[in-house]
Number of protein chains: 2
Amino acid sequence: MGLAKTEIFTDQQNEISQYAKVFGHPARVAILQHLFKTDSCVCGDLVTEIGLAQPTISQHLKELKYLGLIKGNVEGTSVCYCINTENWIKMKEIMSKFLDQDIPKDKDCC
Amino acid sequence: MGLAKTEIFTDQQNEISQYAKVFGHPARVAILQHLFKTDSCVCGDLVTEIGLAQPTISQHLKELKYLGLIKGNVEGTSVCYCINTENWIKMKEIMSKFLDQDIPKDKDCC
DNA sequence: AACATTTATTGTAATATTGCAATGATATAA
DNA sequence: TTATATCATTGCAATATTACAATAAATGTT
């Protein structure tokens, strides 16, 4: 079907998977890493840096922005993007809760 | 195209996105959470617990197994699944390195 | 052996994702 | 105003993902 049955899962599970999904493409990982690494977070720089067409980068930026992980600021003809620190921390808390689950040592059945 | 251009990204970026992608569906998040929570990691239990058809669960389990995050053990007619602790820790290290990047405070351009 | 139980696989339909050319929108420069 | 530069949007083709019915495979039971 290509369509996840989100209604049968908890909000938490859907939230985790939504964040994970946006990290599920190397271009978006690369964009975020570049935004962390440098000031020059202008869209055009990302196009050059990453090597995908401008509309493709723009689309990936849109998804990152939709989830609130980045902010965009118009500066003349160009747009400056950067990490949304507050939301990044929120996301990290949610993801950490999932990733840092206690591993049951004695319960190993395999 | 529906096809990510993995060749233009680093191995690290591809690895991160591959792990993220597998977490990018609530069913797989739910499966993992259930495996963390309980002993009874038999496939049939997951089908009941989660509420998707058996082939669908089986398919999700296959993907989790392919990335090495879970192990499967045949026990009679049923199969017992559990977290692959060693690989889970490895994954966590890789994901943490990405999620815990330092946030540049003074570099805020937005 | 014949049957039952459990899980994996195959095939298929519906939807989503990715990538980009073409085009729009917006702001600056000449 | 006209041109230029930068980014967003639209439309489309190719591929991927999701879900499940039907079926196969494997093991246990009678």
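All heavy atoms count here, side chains included; hydrogens, waters and symmetry mates do not.
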Colleague: Could you tell me the separation between the CG atom of B:L61 and the C1' atom of D:dA19, rounded to a whole number of Å?
Modeller: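 Atom CG in B:L61 sits about 15 Å away from atom C1' in D:dA19.
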Colleague: A:N14 side chain to A:T10 main-chain N or O, any donor-acceptor pair under 3.5 Å?
Modeller: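 The answer is yes, because a donor-acceptor pair under 3.5 Å joins these two groups.
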Colleague: Counting heavy atoms from C-beta on, name the nucleotide in D:dC20, C:dA16, C:dC20 closest to the side chain of A:L3.
Modeller: C:dA16
Colleague: Of A:V79 and A:T6, whose closest DNA chain D nucleotide lies nearer the 5' terminus?
Modeller: A:V79
Colleague: When you get a sec, tell me which of C:dT9, D:dA19, C:dT17 is the closest nucleotide to the side chain of A:K21?
Modeller: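 Nearest to the side-chain atoms of A:K21, counting from C-beta on, is C:dT17.
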Colleague: Which part of the nucleic acid, if any, lies within reach of B:S78 when heavy atoms closer than 4.0 Å are counted: base, sugar-phosphate only, or nothing?
Modeller: sugar-phosphate
Colleague: In this structure, how many angstroms lie between the P atom of C:dT28 and the CD atom of A:E75, rounded?
Modeller: 11 Å
Colleague: Could you tell me how far apart A:H25 (NE2) and D:dT15 (P) are, to the nearest whole angstrom?
Modeller: 15 Å
Colleague: Is any side-chain heavy atom of A:V79 closer than 4.5 Å to a side-chain heavy atom of A:N73?
Modeller: no
Colleague: How is B:L52 classified with respect to the nucleic acid when contacts are heavy atoms under 4.0 Å: base, sugar-phosphate, or nothing?
Modeller: sugar-phosphate
Colleague: Is the closest side-chain donor-acceptor distance between B:Q101 and A:Q33 under 3.5 Å?
Modeller: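 Side chains of B:Q101 and A:Q33: no pair found under 3.5 Å.
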Colleague: If you check every side-chain atom of A:P55, which of C:dT7, D:dC7, C:dA21 has the closest atom?
Modeller: C:dA21
Colleague: Has the side chain of A:Q54 got a donor or acceptor that lies under 3.5 Å from a partner of the other kind on the base of D:dA8?
Modeller: yes
Colleague: Please tell me which of A:A27 and A:A4 maps to the more 5' nucleotide of DNA chain C, matching each residue to the nucleotide holding its nearest heavy atom.
Modeller: A:A4
Colleague: Considering only side-chain heavy atoms of A:T77, which listed nucleotide, D:dA5, D:dC7, D:dA19, is closest?
Modeller: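 Output: D:dA5.
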Colleague: Mind calculating the distance between CG (A:L64) and P (C:dT17) to the nearest angstrom?
Modeller: 14 Å
Colleague: With a 4.0 Å cut-off on heavy atoms, is A:K65 in touch with a base, just the backbone sugar-phosphate, or nothing at all?
Modeller: nothing
Colleague: Assuming nearest nucleotide by heavy-atom distance, tell me which of A:A53 and B:C43 is located more 5' along DNA chain C.
Modeller: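 Taking each residue's closest nucleotide, the earlier one in sequence belongs to B:C43.
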Colleague: Among the candidates C:dT17, D:dC20, D:dC7, find the nucleotide nearest to the side-chain atoms of A:Y81.
Modeller: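 Comparing C:dT17, D:dC20, D:dC7 against the side chain of A:Y81, the answer is D:dC7.
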Colleague: Nearest whole angstrom, please: distance from the P of C:dA16 to the CD of A:Q59.
Modeller: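 From A:Q59 CD to C:dA16 P: 14 Å.
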Colleague: Can you tell me how far C1' of C:dG19 sits from CD1 of A:I31, to the nearest Å?
Modeller: 13 Å
Colleague: Indicate the ring-plane relationship of B:H60 and B:H25, choosing parallel, tilted or perpendicular according to the 30° and 60° boundaries.
Modeller: tilted
Colleague: To the nearest Å, give me how far apart CD1 (B:I50) and P (C:dT7) are.
Modeller: 13 Å
Colleague: Please check the phosphate of D:dC7 (OP1 and OP2 only) for any side-chain N or O of A:S58 closer than 4.0 Å.
Modeller: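 So the side chain of A:S58 is outside the cut-off, no N or O lying under 4.0 Å from OP1 or OP2 of D:dC7.
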Colleague: Once you round it to whole Å, what is the distance between P of D:dC7 and NE2 of A:H60?
Modeller: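 Going from NE2 in A:H60 over to P in D:dC7 covers 16 Å.
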Colleague: Check whether the ring centres of A:F23 and B:F98 lie less than 6.0 Å apart, and answer yes or no.
Modeller: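 Yes: the rings meet the under 6.0 Å criterion.
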Colleague: Is it true that B:W88 and B:Y19 have ring centroids separated by less than 6.0 Å?
Modeller: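 Not close enough - the centres of the two rings lie 6.0 Å or further apart.
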Colleague: A:K5 has a side chain; which of D:dA19, C:dG19, C:dT9 sits nearest to it?
Modeller: D:dA19
